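Just so you know, these numbers come straight off a predicted model, no measurement behind them. Atoms considered below: every heavy atom in the structure, side chains included; atoms not considered: hydrogens, waters and symmetry mates.
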Amino acid sequence: MDVEQLEKRLEFWKQGLLVALGASVTFLAATLAESPRDSFFSDAIWGWYLLWVVIWLAVAPPGFYLLLSRKWRKVPLSSRLNTAFGYLGCAWLVLLSSGIMRFSSDLACNSLIVISAFALGMAYWYLRKKKDEPEEIFP
């Protein structure tokens, strides 16, 4: 694929990000409104976990795909960075929801959530300040 086709496809990913953000925020709001953490062995908790896995698997891979795949490296990092980190931020919201849902008193889970937020922020800051290498005019 050439860069023009990838940039058109990036618009599709940006629209998908709105859906991912809506699903992540809705899941977080539903978790805050009525958390099923009181009864671990009830049927509702397994539905929550299944929904958590489905949303997380739908949201996290596109972020990594836009950042790390060879095909997308043809597009300048500055144009795909916000979209990729938008997906990763949605994945973090889903992770936060799971922490609130079940492990709100677990130190390891809370540490994972805080460390992942810090790592996500630092990676975004580092990649944001990194300059795109200019293309060679005469290879």
Side-chain angles (χ1 to χ4, degrees):
M1 281 188 160
D2 63 340
V3 177
E4 290 178 13
Q5 289 176 338
L6 286 173
E7 287 177 353
K8 287 180 184 177
R9 199 172 279 241
L10 187 62
E11 291 303 317
F12 168 77
W13 286 108
K14 287 179 181 180
Q15 292 173 358
L17 177 60
L18 296 175
V19 174
L21 183 62
S24 301
V25 169
T26 303
F27 189 67
L28 179 63
T31 302
L32 290 173
E34 190 173 324
S35 178
R37 66 180 149 211
D38 297 331
S39 56
F40 181 75
F41 292 105
S42 71
D43 292 335
I45 194 75
W46 299 111
W48 264 154
Y49 283 123
L50 181 63
L51 186 61
W52 174 78
V53 168
V54 167
I55 292 174
W56 196 86
L57 287 177
V59 174
F64 290 114
Y65 177 67
L66 289 172
L67 273 180
L68 303 174
S69 75
R70 287 187 178 160
K71 181 168 75 170
W72 281 99
R73 288 186 186 179
K74 295 175 187 175
V75 177
L77 181 64
S78 59
S79 63
R80 61 188 163 95
L81 185 70
N82 290 336
T83 306
F85 273 92
Y87 278 104
L88 294 175
C90 290
W92 184 81
L93 281 178
V94 174
L95 180 68
L96 178 66
S97 306
S98 71
I100 293 170
M101 179 175 26
R102 178 68 193 142
F103 304 107
S104 62
S105 62
D106 188 14
L107 180 63
C109 181
N110 291 339
S111 300
L112 175 69
I113 291 170
V114 170
I115 290 170
S116 64
F118 181 73
L120 192 65
M122 291 302 295
Y124 181 76
W125 174 77
Y126 174 76
L127 291 174
R128 180 50 105 187
K129 76 173 193 158
K130 182 179 174 183
K131 301 288 184 198
D132 285 332
E133 296 177 10
E135 296 180 19
E136 292 184 22
I137 297 173
F138 301 105

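- Separating the CD1 atom in I55 from the CG atom in L50 is a distance of 10.0 Å, to the nearest 0.5 Å.
- In this structure, S98 OG and L96 CG are separated by 7.5 Å, a value rounded to the nearest 0.5 Å.
- Using a distance-only test at 3.5 Å, with no hydrogens or angles considered, no donor-acceptor pair links the side chain of S24 to the main chain of L21.
- For the pair T31 and W52, the minimum side-chain heavy-atom distance is 4.5 Å or more.
- The closest side-chain donor-acceptor pair between W92 and S116 falls under 3.5 angstrom.
- Using cut-offs of 30° and 60° on the angle between ring planes, the pair W13 and Y87 is perpendicular.
- Between F27 atom CZ and L32 atom CG the span is 10.5 Å, to the nearest 0.5 Å.
- Counting non-hydrogen atoms of other residues, nucleotides and ligands closer than 6.0 Å to CD of E4 gives a total of 12 or fewer.
- R73 is listed as a side-chain neighbour of R80, based on a closest heavy-atom distance under 4.5 Å.
- Put simply, M122 and I115 are part of two different groups of oily side chains (I, L, V, M, F, W, Y) that touch within less than 4.5 Å, one to the next.
- Atom-to-atom distance recorded for N82:CG and R128:CZ is 4.5 Å, nearest 0.5 angstrom.
- In this structure, L18 is not a member of the same hydrophobic cluster as L10, with clusters built from ILVMFWY side-chain heavy atoms closer than 4.5 Å.
- The main-chain N or O of L66 is never found under 3.5 Å from a side-chain atom of S69 such that the two would form a donor-acceptor pair.
- Residues L68 and F85 are members of one and the same hydrophobic cluster, defined by side-chain heavy-atom contacts under 4.5 angstrom among Ile, Leu, Val, Met, Phe, Trp and Tyr.
- Closest heavy-atom contact between V59 and C90: CG1-CB, 3.2 Å.
- V19 and L88 end up in different hydrophobic clusters when Ile, Leu, Val, Met, Phe, Trp and Tyr side chains are linked at under 4.5 Å.
- In this structure, the side chains of L67 and L127 come closer than 4.5 Å at one or more pairs of heavy atoms.
- Here E11 pairs with K14 in a salt bridge; the nearest charged N to carboxylate O distance falls below 4.0 Å.
- If you chain together hydrophobic residues whose side chains sit under 4.5 Å apart, Y124 and Y126 fall into the same group.
- The side-chain heavy atoms of E7 and V3, taken from C-beta on, include a pair separated by under 4.5 Å.
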